[in-house]
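Shown next, in C-alpha cells, is the structure this report addresses.
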Amino acid sequence: MSEPLLSVQGLEKHFPVTKGLFKRQVGAVRAVDGVSFDVFKGETIGLVGESGCGKTTTGRLITRLIEPTGGKVVFEGNDITHMSQSRIRPLRRDMQLIFQDPYSSLNPRHTVGAIVGAPFRIQGVKTEQGIKKEVQDILALVGLNPEHYNRYPHEFSGGQRQRIGIARTLALKPKLIIADEPVSALDVSIQAQVVNLLEDLQNELDLTYVVIAHDLSVVRHISDRVAVMYLGKIVELADRKSLYDAPMHPYTNALLSAVPIPDVKHRGDRERIRLQGDVPSPLNPPPACRFHTRCWKAQVVCKTEEPPLVELAPGHQVACHFPENADKISAPAAAKVARNVQDAQHPKGTIA
Amino acid sequence: MTAPLDAPGKAAEAEPEAVVAGVSGKAIQGRSLGQIAWLRLKRDKVALAGAGVVVFLILVATFAPLIVGWFGHPPNEFHQEMIDPSTMTPKGGSGISGEFLFGVEPLNGRDLFSRVVYGARISLLIAFLATVLSVVIGTVMGVMAGYFGGWVDTVISRLMDIFLAFPLLVFAIALVGVLGQFEQQLGVQGDTLRILLLIFVIGFFNWPYIGRIIRGQTLSLREREFVDAARSLGARGPYILFREILPNLIAPILVYATLLIPTNVLFEAALSFLGVGIQAPTATWGGMLAQAVKFYTVPHFMFFPGMAIFITVLAFNLFGDGLRDALDPKSSR
Ligand SMILES: Nc1ncnc2c1ncn2[C@@H]1O[C@H](COP(=O)(O)OP(=O)(O)OP(=O)(O)O)[C@@H](O)[C@H]1O
Ligand SMILES: [Mg+2]
C-alpha cells in the first residue's frame with residue numbers, strides 16, 4: 001500500500017495530576033494510552049467512543065496543540081511528534097482542525113471576514129485577488145452568503161457558525177482535516193446538512209478526514225473506516241462495512257445496539273445491549289483489557305492479560321480475547337481465539 | 001441561539017441557511033458587540049442620565065476658567081465685604097445671590113461656586129489619571145498572570161494579595177506626607193508635586209482590583225477554542241495575546257475603569273480632607289469639607305462640595321453599572 005498521509009503510532013498522553021502547594025505529582029490521567037492508526041489520502045476515518053475516552057486529546061495531539069507523552073505522529077513522512085513550533089508552522093497549512101463547540105471556536109470580537117481570513121494573515125499567504133475576495137469565495141463554498149463578510153459570529157445560528165469554522169479550516173487548502181465532533185453541538189435537523197457539506201467538500205477539494213464522534217450513527221454515512229476507542233485505546237478498527245455488519249469487539253456491539261436501525265424489518269434481529277456501570281476513570285484504568293469491568297464475556301484472562309490489537313480478518317483489527325462474529329475470523333487467528341475459549345472453560349491457573 | 005437580538009439580519013438566520021443566490025445589492029454590515037452595547041445603553045435611562053452628568057462634569061472641569069469668568073469670581077479672591085466681621089460668617093447666612101451662586105466661604109468670602117468648579121478639576125484629574133495608572137498596571141499584570149500561568153501567575157497573584165492587604169489609607173498618608181518634603185530632590189513642587197503624588201499613590205495601590213478581574217478573564221479566554229484555532233493555524237504568542245485575547249478584555253477594562261473612578265474621587269477627597277492631599281489655597285472638594293467642619297453653623301459651606309462629591313460618585317457608578325449591563329458577555333453570545 002502507498003505511504004499513509006498520517007501515521008499515528010503508539011500515541012500517548014498522560015496528564016499529570018498534582019496535589020498540594022508544591023504541585024507534587026500524585027498520578028496521571030491516561031487520556032490517550034497507545035493509539036495507533038494510519039490515514040490514507042482521500043479516505044475518511046471515523047474515531048468513535050464515549051465521552052472522556054480521549055478523542056479530543058487524540059485530535060489535539062495530532063495537530064500538536066499539546067505535547068505527546070509518548071508515541072509518534074508522522075505526517076506526510078515528517079515525524080512531527082516533537083518538532084519545534086516554528087518548524088511545524090508551515091506544515092500546519094496542510095493539517096486543520098474543526099472544533100466541537102461552534103460558540104467557543106469563533107472569536108466574538110472578530111468579523112466573519114477576519115475569522116476566515118486569519119489563516120492567510122497568520123501564515124503570511126499572499127492571495128492573487130486579495131484576502132477579501134478569497135474569503136468570500138470560501139464563504140460561498142460552504143453555503144454562506146459572501147455578503148456576510150462584515151458580520152459578527154453572534155449574528156449567526158449554530159449551524160452557520162459551524163460553517164464559518166469549516167470555512168476557516170478550508171482557507172489554506174489543507175490536505176487533512178480533523179473534525180472533532182463537528183455536529184454534536186448542533187440540532188439534529190441541521191446535523192445532516194453539515195455532514196453533507198463535509199462530504200461535498202471532500203469530493204470537491206480532495207480532502208482527507210478524521211471525523212470524531214461519540215456515537216456510531218454520525219460517522220456511518222461518511223466514514224470509509226472506523227476506529228472505536230475505549231478509555232484511551234483503540235479496541236476495534238475496521239472498514240465501515242465489516243464494522244457495522246460484523247462487529248467483533250463486545251464494546252462495538254454495545255455501541256451499535258444503541259444506534260437506531262433505519263430498516264424496520266431488521267429491528268428484531270438485534271437485541272439491545274445495555275452496558276452495566278459507568279466508564280471507569282482514566283486516572284486508574286482497569287488492568288489488562290480495560291473493558292472487562294463492563295463486559296458480559298469477560299473471563300479470567302481478560303483481567304490478567306491485555307489483548308493486543310491484531311488483525312483478525314483482512315483489514316479488521318480487534319483487541320479482544322473473545323471476539324464476536326467468530327465466523328469472519330481468518331484461520332490462524334481463529335485458532336488463537338479458540339484456544340482462549342478453551343482455556344476459559346478449563347482454567348489452568350488458580351486466579352481468584 | 002437564544003439571545004433575543006432584534007437585528008435586521010434575523011430573517012437570514014433561519015435554517016436552512018444556504019442563501020448564496022439572490023443577494024440584495026447593498027453590502028450587509030454587521031453589528032459589532034460594541035454597537036449592540038451602545039443600543040442597549042441607549043435604552044437604559046438611568047445609565048444615560050449618569051453618562052450625561054459625567055460628560056457635564058468633564059466639561060465643567062475642562063472649561064472651569066471660562067465658567068468662572070462668566071458666572072463667578074476668581075477662586076482665590078477674597079470678598080471681605082461679604083463677611084460679617086462680628087461672626088466671621090457670610091452676611092445673611094450664606095451669601096447666596098445672583099452674583100455668588102453658591103454663596104461665599106466664611107472668614108474671607110471666597111466665591112464657593114468658583115471653588116467647587118475648580119475643585120472638579122483637581123478631583124477628576126487625579127481620579128482619571130490614577131485610574132489610568134491602575135488600569136495599565138492591572139491589565140499588564142493580570143494578562144501576564146492569566147496567560148502565562150505557572151510561576152508567573154503564582155508570583156503576581158501573591159503580589160496582588162500583598163497589595164490588597166496593605167493598610168492603604170495609612171500608608172498613603174505617610175507616603176504623601178514624607179515625599180511632600182522632598183520638593184527640591186524631586187524637581188517638582190507645590191500643587192504639581194502633590195497631584196503627581198496622589199495620582200501615583202492612588203493609582204499604584206489600586207491595580208490589584210483590576211488585575212484580579214483581568215487575570216480571571218484571561219484565564220477563561222485562554223481556554224476558549226478560538227485560541228486553539230489560532231494556535232493550530234500557527235499563530236505566535238503576541239498574535240494570540242493582542243488579536244485574540246485583548247479585544248475580549250476591552251469591555252471589562254472599560255467597565256471596571258468606570259467603576260474605579262468614583263472610588264478614586266472619594267479617596268482623593270478623603271486624603272485632602274485629612275490634609276495630606278492638595279494644600280490650601282488650591283480648591284479641592286475634600287479640603288473644603290475639612291474647612292466646613294469648623295463652620296457647622298453655615299451648612300451651605302458643607303453642602304455644595306459635599307453634593308459635588310456625591311453627584312460625581314453617583315453619576316460614575318450609575319454609568320458604570322449601565323455599561324456593565326450593556327456589555328455583559330453573558331447576554332451577548
Ligand atoms: N488538560 C487536561 N488536563 C487533565 N486532564 C485532561 C485534560 N484534557 C483532557 N483531560 C482528561 O482526559 C480524558 C479524555 O478527554 P477528552 O477531552 O480527550 O475526551 P473526549 O473523548 O473528547 O470526550 P468528549 O466526548 O466529552 O469530548 C478525560 O478524562 C479528561 O478529563
Ligand atoms: Mg471531545
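Hydrogens, waters and symmetry mates play no part in the numbers below; they use all other heavy atoms, side chains included. A, B, ... follow the sequence lines: proteins, then strands. Residue 1 opens every chain.
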Enumerate, atom names and distances included, each donor-acceptor pair closer than 3.5 Å involving a side-chain atom of residues 93-100 of chain A, sequence neighbours excluded.
residue : atom : partner : partner atom : Å
A:R93   : NE   : A:Q123  : OE1          : 3.1
A:Q96   : NE2  : A:R92   : O            : 2.9

Show every donor-acceptor pair shorter than 3.5 Å between a side-chain atom in residues 240-254 of chain B and any protein atom, with sequence neighbours excluded, or say none if there are none.
residue : atom : partner : partner atom : Å
B:E244  : OE1  : A:N107  : ND2          : 2.9
B:N248  : ND2  : A:N107  : OD1          : 2.9
B:N248  : ND2  : B:E244  : O            : 2.8

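In this structure, chain B has a heavy atom under 4.5 Å from the backbone of A:L106, while its side chain stays farther away.
Residue-level contacts of residues 77-89 of chain A with chain B, in order of numbering, are A:R89; threshold 4.5 Å between heavy atoms.
For B:F226 and A:H110, the ring centers sit 6.0 Å or farther from each other.
The salt bridge (Lys or Arg N to Asp or Glu O under 4.0 Å) contacts involving residues 217-230 of chain B comprise A:R60-B:D228, B:D228-B:R231, where partners must be two or more places apart or lie in separate chains.
Just one residue in the list B:N264, B:T263, B:T131 forms a side-chain hydrogen bond (donor to acceptor under 3.5 Å, both in side chains) with B:N206, and that residue is B:N264.
At a threshold of 4.5 Å between non-hydrogen side-chain atoms, the residues A:T57 and A:F15 count as touching.
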